[in-house]
Amino acid sequence: MPKAKGKSRRQKYSYNLNRKRLYRSARRRAAPRIACSHIRHAWDPTKSVAQNLAEMGLAEDPNKAVPIPKKKLLGMEVESNGQEQRKKIVRKPYVVNEMEYEASLPEKKSNTLSRDLIDYVRYMIQNHGENYKEMARDEKNYYQDTPKQIKRKINVYKNFYPEEYKDFIASLKQEKMDVQ
């Protein structure tokens, strides 16, 4: 198939195009991307970023919000400019309160194993007990895991679900007693 006409030619630079103006207008239109839902709902698009954050009681610049204290120079204290910082009026304190509450909640443990891995480990333990070499030769060992890899998978299962593992081992012992 032939190439499209004009594709092999060099692209010419357009000297008449004002790229600064294009870039500025694109930047002005784009609203800031806000990840936190509390801030997003309290955001006022007619105000600047600094004004919005000041109303919520948040800092725009962390260096200004928590200044580093100046050290003593040669035994003498450096005096401040004498300017007292103006107290900022926080009109939307609920934003900070909600964020603090959300941060104080305990994290959920998201350690889970796939259902396939759990079934694989249970099958191996049920049929072979603690014999890892025999597990490696089993026909259900599709991924051809070595005995050490299988042992590691079983240990991961033990660590993630200790109560479930104990119940499973207890049920296996009960089955053996019922068979005998």
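For the single chain, residues carry numbers from 1 onward in sequence order.
Proximity of Asn141 to Met135: side-chain heavy atoms (C-beta onward) are nowhere separated by under 4.5 Å. Contact annotation: the side chain of Phe160 never approaches that of Thr112 to less than 4.5 Å [non-hydrogen atoms, C-beta and beyond]. Within the 4.5 Å cutoff, side-chain heavy atoms of Glu175 are placed close to those of Leu172. A heavy-atom distance below 4.5 Å is found between the side chains of Ile89 and Arg91. Proximity of Tyr165 to Pro162: side-chain heavy atoms (C-beta onward) are nowhere separated by under 4.5 Å. In this structure, His38 and Glu102 have side chains that are in contact, with non-hydrogen atoms separated by less than 4.5 Å.
Looking only at distances, a side-chain donor or acceptor of Tyr161 sits under 3.5 Å from a matching main-chain atom of Leu113.
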Decide side-chain hydrogen bond (donor to acceptor under 3.5 Å, both in side chains) for Asp119 and Tyr123; before the verdict, give the C-alpha distance in whole Å, the side-chain angles of both, and the deciding distance to 0.1 Å.
CA-CA 6 Å; Asp119 292 340; Tyr123 168 81; over 6 Å; no
Donor-acceptor contacts under 3.5 Å from residues 45-53 side chains, at least two apart:
unit_1: Thr46; atom_1: OG1; unit_2: Asp44; atom_2: OD1; d: 2.9
unit_1: Thr46; atom_1: OG1; unit_2: Asp44; atom_2: OD2; d: 3.1
unit_1: Lys47; atom_1: NZ; unit_2: Glu55; atom_2: OE1; d: 3.4
unit_1: Lys47; atom_1: NZ; unit_2: Glu55; atom_2: OE2; d: 2.3
unit_1: Ser48; atom_1: OG; unit_2: Gln51; atom_2: N; d: 3.2
unit_1: Gln51; atom_1: OE1; unit_2: Ser48; atom_2: N; d: 3.1
unit_1: Asn52; atom_1: OD1; unit_2: Asp44; atom_2: N; d: 3.0
unit_1: Asn52; atom_1: ND2; unit_2: Asp44; atom_2: O; d: 2.9
unit_1: Asn52; atom_1: ND2; unit_2: Lys47; atom_2: O; d: 3.4
unit_1: Asn52; atom_1: ND2; unit_2: Ser48; atom_2: O; d: 3.2

Under 3.5 Å, side-chain donor or acceptor atoms of residues 143-157 against the rest of the protein: list the pairs with distances, not counting sequence neighbours.
unit_1: Asp145; atom_1: OD2; unit_2: Tyr120; atom_2: OH; d: 3.4
unit_1: Asp145; atom_1: OD2; unit_2: Lys153; atom_2: NZ; d: 2.7
unit_1: Thr146; atom_1: OG1; unit_2: Gln149; atom_2: N; d: 3.3
unit_1: Thr146; atom_1: OG1; unit_2: Gln149; atom_2: OE1; d: 3.4
unit_1: Gln149; atom_1: OE1; unit_2: Thr146; atom_2: N; d: 2.8
unit_1: Asn155; atom_1: ND2; unit_2: Lys151; atom_2: O; d: 3.4
unit_1: Tyr157; atom_1: OH; unit_2: Arg122; atom_2: NE; d: 3.2
unit_1: Tyr157; atom_1: OH; unit_2: Glu164; atom_2: OE2; d: 3.0

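The distance from atom NZ of Lys140 to atom NE2 of His128, rounded to the nearest 0.5 Å, is 10.5 Å. Within the model, atoms CD of Gln126 and OG of Ser171 stand 7.5 Å from one another, a figure rounded to the nearest 0.5 Å. Atoms CE and CD, from Met177 and Gln174 in turn, are 6.0 Å apart once rounded to the nearest 0.5 Å.
Residues Val90 and Leu58 are members of separate hydrophobic clusters, defined by side-chain heavy-atom contacts under 4.5 angstrom among Ile, Leu, Val, Met, Phe, Trp and Tyr. Clustering ILVMFWY residues whenever any of their side-chain heavy atoms sit less than 4.5 angstrom apart, transitively, puts Tyr94 in the very cluster that holds Val96.
In this structure, a donor-acceptor pair under 3.5 Å is present between the side chains of Glu130 and Tyr132.
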